[in-house]
Amino acid sequence: MRVLLLNQFFHPDLSATSQIATDLAEDLAASGVEVTALSGRGSYLGGQQLGARDEHRGIRIVRASATSLGKRTLLHRGMDYASFYATAGAALARLPRHDVIIAMTTPPLIAAAAAALKGPKRSRLVYWVQDLYPDVAVAFGALGPLSPITRMMAATSRAVMRRADRVVVLGEVMGERCIASGADPARISIIPNWADAAAVYPVAHEHNSLRYGLANGARTVVMYSGNMGFAHDIATLLDAARRLRNRRDVVFVFVGDGARRPTVEAAAKELPNLRLEPYQAREQLAESLSAGDLHLIGLSPEIEGLIEPSKLYGIMAAGRPALFVGPERSEVARTIARHDCGRVLRNGDAEGLASAIVELADAHDLRIAMGERARAVLEQRYARGVATARFKGVLEELCAVPVVAGAATS
């Protein structure tokens, strides 16, 4: 089986989609699948230009030339997207046939290039949905709901959904959204994102060199780790920190970057109990996530089912409870509630979040029990090997039916 994985970012980039794509590609290659990754030469944060050809753990990497301006502004991001659309589409046309093309959603609707070529290439198409466009852009106000660009993107999304042989989504609500956009319900597969249980694991505080923020008597680290983007309800998280500014034993640590980082930086100047740290190398993720006693996740209500934060699985792998602020129907909320490994709060409920932080900061045994449950269920249901084996099963099922030459495969 020959598989082509299409996404703007891939190893060694540190973005979330790069890491999840690299995990899948590594495990497929280790199982004997011939894997090629088509990505861009730029990086998620901008600036860096990677080589045009590479190999990683048996994976052939082809990188299309594109700008690498990063995420500082929407214009920069748009230029990176536009250049990658052009060069990746051309590269995809030149590459030899693969049995399956797995197209992700960075940049938005790059899967359209794969959908256009799936007939001539006689390939099957798996649309791996990490976020839904143009819905996300409309929810953020970046596009008007009836604008020509929105209509064009919506039509493209429907065409991709109809052409895809399988649509892999992260949760039930996302699956419902895809069906509403034209996907065949019989072709929907729910495979949540995952964490590598062998690479991310609980590290005891006394052995952790990355134990952040323990100054002036603080003993509980409340951590936010990852992208601080428009999709995340950062405002409620910061409001909770303000309400606890006089709790000298609790410190908030935000690790990462993103469009909302300036908001966090401004709050850090105001609040003595808040500090920022840069992204940590993936090799240090176990120590970084274990440095937190409690972890925060935020998701804006208007994007329910459009995005599912994958950071929950790393938190579970580190054996820590998660405090989620966001829609109750999201996959994150359902997972936390189902396994009793944290708390779920409504958007805007900063008082409730602050109370939950105080409760778990003061209840050591309860906090530890939640973290142990999180780690146990991660190993059983959300570990990397479990999830990538399910993904491989989807690919094998598709490839069991031969593609007839000259015929569409939809």
Side-chain angles (χ1 to χ4, degrees), residues 14-16 19-20 23 170-171 192-205 208 210-213 220-229 231-234 236-237 240-241 250-256 258 277 279-299 307-326 330-345 353 356-357 359-361 363-364 366-384 386-387:
L14 51 71
S15 66
Q19 293 182 22
I20 209 79
D23 284 351
L170 307 182
N193 284 343
W194 56 80
D196 188 340
V200 181
Y201 47 84
V203 178
H205 290 333
N208 194 343
L210 291 179
R211 180 74 165 144
Y212 303 104
T220 300
V221 174
V222 182
M223 179 178 289
Y224 180 95
S225 179
N227 181 32
M228 305 172 200
H232 308 110
D233 187 355
I234 299 295
T236 301
L237 311 185
V250 177
V251 62
F252 290 76
V253 179
F254 281 67
V255 181
E277 297 287 343
Y279 275 116
Q280 297 297 320
R282 196 177 190 191
E283 294 73 20
Q284 291 185 294
L285 198 55
E287 289 81 3
S288 181
L289 293 177
S290 294
D293 297 289
L294 300 168
H295 279 263
L296 303 175
I297 307 173
L299 185 65
I307 290 175
E308 287 289 353
S310 59
K311 58 172 59 69
L312 172 64
Y313 307 109
I315 295 166
M316 295 173 72
R320 300 295 187 263
L323 303 176
F324 173 66
V325 176
S330 72
E331 196 66 19
V332 172
R334 292 180 177 187
T335 301
I336 292 172
R338 184 185 303 126
H339 304 294
D340 190 18
C341 57
R343 293 284 186 265
V344 176
L345 301 110
L353 177 57
I357 291 169
E359 174 201 7
L360 294 177
H364 176 270
L366 175 60
R367 189 174 72 239
I368 296 302
M370 282 184 170
E372 290 175 347
R373 282 195 294 272
R375 174 70 190 189
V377 76
L378 182 282
E379 293 175 350
Q380 296 166 6
R381 300 183 60 169
Y382 305 109
R384 169 178 168 174
V386 175

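What you see is a predicted model, and the numbers here were worked out from it, not measured in a lab.
- A salt bridge links Asp23 with Arg282: the distance from a Lys NZ or Arg NE/NH1/NH2 to an Asp or Glu carboxylate oxygen falls below 4.0 Å.
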Derivation of the side chain to side chain contact (heavy atoms under 4.5 Å, CB included) call for Leu360 and Met370: CA-CA 10 Å; Leu360 294 177; Met370 282 184 170; 4.1 Å; yes

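- Residues Asp293 and Thr220 come closest through the heavy atom pair OD2-CA, 3.3 Å.
- Among all heavy-atom pairs drawn from Ala240 and Leu353, the shortest one is CB-CD2, 3.6 Å.
- Every residue two or more places apart in sequence or in another chain that forms a side chain to side chain contact (heavy atoms under 4.5 Å, CB included) with Ile368 is listed here: His364, Glu372.
- The distance from the CZ atom of Phe254 to the OH atom of Tyr224 is 7.5 Å, given to the nearest 0.5 Å.
- With a 4.5 Å cut-off on side-chain heavy atoms, Pro202 and Arg320 count as touching.
- Side chains of His205 and Arg211 form a contact here, defined as non-hydrogen atoms less than 4.5 Å apart.
- Rounded to the nearest 0.5 Å, atoms NZ (Lys311) and CG (Asn193) are 11.5 Å apart.
- From Leu14, atom CG reaches atom CD of Gln280 across 11.0 Å, with rounding to the nearest 0.5 Å.
- Remark: the backbone N or O of Ala286 is paired with a side-chain donor or acceptor of Ser290 at under 3.5 angstrom.
- Residue Leu285 holds its CG atom at 11.0 Å from OH of Tyr279, rounded to the nearest 0.5 Å.
- Here the side chains of Leu299 and Val332 are not in contact, with every heavy-atom distance at 4.5 Å or above.
- Taking both residues in full, the closest heavy atoms of Ile336 and Arg343 are given as CG2-N, 3.7 Å, listed atom of the first, atom of the second, then distance.
- The two atoms that bring Met223 and Leu289 nearest to each other are SD-CA, 4.3 Å, heavy atoms only.
- Closest approach of Leu170 and Glu331 over heavy atoms only: O-CG, 3.5 Å.
- Ala322 approaches Ile297 most closely through the heavy-atom pair CB-CD1, 4.1 Å.
- We find the SG-CZ distance between Cys341 and Arg375 to be 13.5 Å, quoted to the nearest 0.5 Å.
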